[in-house]
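Written below as structure tokens is the structure these notes are about.
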Amino acid sequence: MVAATGNADTTVGHGELIKDVERALTAHGRAVLTGPAGAGKTEVVAAVAAAAEVRHETVLRLAPEATDQWIPEASAAALLASVPGAALERLSGPQRTAIALLRREADAPRAGRDHVALRLAVVEVLRSLAARTPVLLVLDNAQWLDAESTDLLRFALRLTPPRVRVLVAECVQGGAPVGSPLCGLGTPAIRVPPLGADEVAELLARHGLPARLAGRIHHASGGNPRLALALGRSLAEAAEARDGSAHHADALPLSGQAREVARRLLAEAPAQARRTLLLAALAARPTTALLRRAGRPDAEAELAEAERAALVTVGEDGVVAFTAGALPMALAADAGWPERTAGHAALAAAVDDPVQAVRHRALAVDTPDEWLAAEISEAAAACRRRGQRALAAELGLLAAERTPVNRPGDELARLVAAAEDAGWAGRADLARRATRAVLARDASPADRVRARLAVIDAAGQALAALDETFAHAMDDAAGDPALQAAVQLRIATKYNLSDGDPVRSRDAAAEAGRLAALGGDQVAEAMALTVRARMGRILGDPDAEDILAEALALPAPEVPLGMRNAPQYLAVRHALFDDRLADARHQLLVLLPAVRRTGSAEDVFEVLRSLTEVELRRGRCAAASSHARRAVELTIEAGLSPGPAWYAAAMAEAMGGSFARAAGYARRGIQASEEERDQVFLSRSLYALGLTELATGEAAKAVSTLRRVAGLEAAQQVVDPSILRWHGELAEALVAADAPDEAAELLGAVRTVALGLGRTAVVAALDRARGLCLSAQGDADAAVDLLGATADRFDALRLPVERGRTLLALARVERRRRRRAPARAALRAAADVFTEAGAKPWAELAAEHREPAPARGGAAMVMAALTEGETRLALLVAEGASNQEAAAKLFVSVKTVEARLTRIYQKLGVRSRAQLATALRTR
């Protein structure tokens with residue numbers, strides 16, 4: 001018997017759930033919390049109990065263990081053992097005797113006990129406690145209550161006063177529920193929901209585990225917190241044993257605690273159902289019809305039992321999906337070889353897909369067979385044509401394993417093909433496995449290079465740890481210009497992505513182009529020119545467009561490997577940077593089906609990310625959010641680096657969803673990019689966070705965050721301000737933080753560059769910030785004129801969200817000079833623009849800024865006299881903050897606080913902190 005305990009940090013994602021439980025207890029006095037093992041019920045119960053103790057309620061806890069269910073009245077004895085002795089003193093003699101016997105002899109024979117007196121004693125104890133303070137009775141693990149204790153508690157709870165509230169937590173999967181019969185009909189039953197991917201990321205981060213693994217761990221755990229942590233720890237331990245790092249696409253090891261948690265969940269299903277579940281685990285796309293054909297005639301009934309145990313869901317079309325990806329892994333791992341082979345043999349005869357039939361036949365045997373190996377290779381080629389590169393890689397490895405030892409050439413060719421397929425699919429685990437096998441054989445330098453390049457291609461953003469792989473690939477490629485060009489292209493990408501050095505990236509690309517031309521590889525030459533053009537754009541090179549045109553003129557396949565380095569894709573990105581949004585969208589929609597055919601998950605993601613950005617600029621926030629969701633889903637499914645997907649999701653949420661969710665995605669993106677040393681998407685996720693902080697009025701935080709972006713961009717030698725448009729946002733944040741002179745200096749420098757490069761929309765965004773700057777510097781008329789003209793320019797450029805933001809800025813300036821009618825008109829116009837664009841958080845922001853009726857005009861005028869930075873400082877000081885504390889909270893120096901406080905005193909006509917507080921209260 002143990003008490004219900006829990007760590008506060010394991011209630012991640014359950015804040016609203018705890019509030020729901022509190023509301024149910026308040027309204028009904030009873031609540032039942034249900035969910036599978038490891039869902040977090042104990043932690044929620046502990047949080048509710050802790051809150052009750054803070055309110056000085058009496059909390060009685062009971063948490064039986066599995067063995068207690070077989071001991072009569074064991075739980076009742078444990079509950080009474082926790083009752084203070086004073087509560088027992090007023091009981092009658094028979095009642096005290098009954099309790100004493102139970103507490104001393106819980107496992108003794110029940111004959112001779114006065115069970116009526118015992119029941120009445122429990123009722124009197126609860127009444128006695130409730131007479132002094134409200135009582136919360138917490139029953140955790142109620143599924144393990146023994147039958148006698150359940151009957152006793154059911155009787156007692158029917159007679160307790162309303163001041164006795166009851167919270168029951170139970171794991172109802174295979175057995176009969178206990179909570180509702182115990183508490184009575186009509187008791188609210190609240191199910192603990194699974195965690196979302198973001199919440200899993202937060203849970204992992206709090207436990208020191210890499211957040212970049214969150215997507216795959218969320219899929220494998222089904223959002224079960226205990227299983228998620230166990231999987232995260234298993235993966236971290238496996239990575240430490242290997243090379244000290246965990247890759248985002250590593251296979252999840254189901255061992256130790258993770259395997260035990262999965263087994264515990266599966267134990268809720270009857271044995272017959274588990275046999276059907278094993279077949280479903282072995283199938284690529286299990287359906288009830290397939291399972292029936294494979295020898296499970298009662299599949300529907302058995303799956304219904306598994307569905308009641310929250311192990312699977314069965315769709316209307318009969319498709320079977322496991323609620324957690326670790327469950328089929330555990331089923332397959334725990335099944336013996338004869339059981340697995342029999343299952344694969346049955347499925348081979350039942351599936352209607354020839355590729356899957358071959359796969360199951362191959363998995364049903366473990367002896368070399370050249371005919372079977374050749375058949376598997378043909379199936380892999382079919383998958384390649386379908387764009388199913390991950391499955392092609394798995395089949396290629398199977399084909400190599402089934403190749404007889406007297407055919408080493410065939411085995412090596414199959415291993416190299418499997419490695420390349422894995423590289424395309426972003427499956428680092430399969431790429432490493434195939435490459436290790438290639439390097440262990442008598443492979444040619446060309447085959448070794450191809451295999452090593454597959455490992456590099458599968459690594460996604462995590463290129464910083466592959467220096468040795470690059471070095472070995474260059475050594476193997478010596479003497480072959482085409483191979484050297486292929487390696488140099490990857491080095492150019494690494495210089496930009498991981499090192500943040502576009503100059504070295506441009507030079508490596510130039511060398512790759514020279515080698516490609518020497519080796520007669522025009523595809524590689526076009527890709528090298530593309531990298532040069534991209535780096536040129538970053539560096540402000542006026543020849544960048546000519547270099548890109550040269551790349552586009554070269555013959556190339558429809559979509560070369562690595563969408564990032566395809567000239568037609570860079571042309572789309574340039575159209576986006578130049579705000580030629582209709583052209584960009586059209587070309588992306590042409591590319592999307594093409595990249596899906598190639599089977600490269602990373603290429604599909606690139607197109608979805610760009611579509612997200614294009615639709616946001618066009619003011620089609622709903623469409624952008626849809627693309628961003630698909631990008632995140634693809635990232636999780638394929639095991640890609642999550643940093644770029646979380647950046648895309650952050651921007652979609654910041655424009656069309658929720659500022660709070662945007663900040664959450666941005667922080668995940670920052671952490672993942674830092675873990676993988678991805679400098680490019682680190683700056684992008686920081687920008688998304690800074691934008692959100694600026695929008696929500698956290699100016700000092702926005703300044704700090706956006707200064708980090710500025711530092712990264714300076715280190716990366718970025719010149720062109722159209723690629724990541726942080727400059728105007730930082731200037732606006734500086735103005736809001738009462739540093740208009742610094743903002744003006746930044747705007748002047750960037751505006752010169754933007755005008756020189758012809759970046760019209762960038763200049764407009766800078767002018768919006770300049771209008772706010774002019775207002776802060778006292779030139780309100782010029783500010784209004786500039787902001788009005790800028791709003792018109794954004795309208796002409798067909799950038800509605802930017803126009804709405806400019807109108808919002810105009811309203812703030814008009815309000816500051818106490819022109820309420822123009823301010824309200826600008827706010828209404830901004831709200832209309834945001835609503836039409838689907839920019840929900842900005843529309844809400846415009847609504848929040850609408851000024852109420854001027855009943856308290858004096859106070860409004862007082863606060864209007866202060867800048868935003870002064871207002872925040874005034875409120876902090878009025879609440880009692882010292883200068884040092886205010887400086888820390890506002891991210892400014894103490895001297896700045898002192899100077900700003902002097903201006904506040906002058907504007908409000910006060911002389912002390914006390915007078916300031918009084919002025920703010922009374923006015």
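Summarising the geometry, atom NZ belonging to K840 is positioned 11.5 Å from atom OG1 belonging to T835; distances are rounded to the nearest 0.5 Å. Note: L391 CG to R389 CZ = 12.0 Å, rounded to the nearest 0.5 Å. Distance CZ/F659 to CG/L694: 9.0 Å, rounded to 0.5 Å. In this structure, the separation between CZ on R596 and CG on L634 is 8.5 Å, given to the nearest 0.5 Å. In this structure, the separation between OH on Y569 and CD on E606 is 4.0 Å, given to the nearest 0.5 Å. Atom CZ in R620 sits 11.5 Å away from atom CG in L581 (nearest 0.5 Å).
Residue A434 comes nearest to L415 through the heavy atom pair CB-O, 3.7 Å, listed as atom of the first residue, atom of the second, then distance. Between V455 and A431, the shortest heavy-atom contact is CG2-O, 3.9 Å. Listed here is the closest heavy atom pair of L616 and V801: O-CG2, 4.2 Å. Taking each heavy atom of L724 and S683 in turn, the nearest pair found is CD2-O, 3.8 Å.
A tilted orientation is assigned to the rings of F834 and W842, their planes being inclined by 30° to 60°.
Counting heavy atoms from C-beta outward, L755 and V763 have side chains that approach closer than 4.5 Å. Inter-residue side-chain proximity for V753 and P721 is flagged as met; some heavy-atom pair is nearer than 4.5 Å. Looking only at side-chain heavy atoms (C-beta outward), E615 and M655 stay at 4.5 Å or farther from each other. At a threshold of 4.5 Å between non-hydrogen side-chain atoms, the residues E613 and L576 count as touching. Between M535 and V503, the closest side-chain pair of non-hydrogen atoms is not below 4.5 Å.
No donor-acceptor pair closer than 3.5 Å links the side chain of T806 to the backbone N or O of A791. In terms of modelled atom types and a separation under 3.5 Å, the side chain of Q679 and the main chain of L497 share no donor-acceptor contact. At least one donor-acceptor pair under 3.5 Å links the side chain of D541 to the backbone N or O of D543. Between the R768 side chain and the E802 main chain, a donor and an acceptor come within less than 3.5 Å of each other.
Between R805 and E729 a salt bridge is recorded (basic side-chain N to carboxylate O distance below 4.0 Å). Electrostatic pairing of D353 and R386 counts as a salt bridge here, judged by a charged N lying under 4.0 Å from a carboxylate O. Salt bridge D578/R537: present, at least one basic N to carboxylate O contact under 4.0 Å. Using a 4.0 Å cut-off between charged nitrogen and carboxylate oxygen, R725 and D579 count as a salt-bridge pair. A salt bridge does not link D507 with R504: every distance from a Lys NZ or Arg NE/NH1/NH2 to an Asp or Glu carboxylate oxygen is 4.0 Å or more. Salt-bridge formation is detected for the pair R427/E394: a Lys NZ or Arg NE/NH1/NH2 atom is positioned less than 4.0 Å from an Asp or Glu carboxylate oxygen. Salt-bridge check for E525 with R514: failed, with every basic side-chain N at 4.0 Å or more from each acidic carboxylate O.
No more than 12 heavy atoms of other residues, nucleotides or ligands lie within 6.0 Å of CD in E836, so this atom counts as exposed by the packing criterion. A 6.0 Å sphere centred on NE2 of H219 holds no more than 12 heavy atoms belonging to other residues, nucleotides or ligands.
Remark: R629 pairs with no residue by the salt bridge (Lys or Arg N to Asp or Glu O under 4.0 Å) rule, at least two apart or across chains. Scored by the salt bridge (Lys or Arg N to Asp or Glu O under 4.0 Å) test, D767 finds R751, R770, R793 as partners (sequence neighbours excluded).
Tested against Q587 for a side chain to side chain contact (heavy atoms under 4.5 Å, CB included), the candidates L592, V572, V614, V607 yield a single pass: V572.
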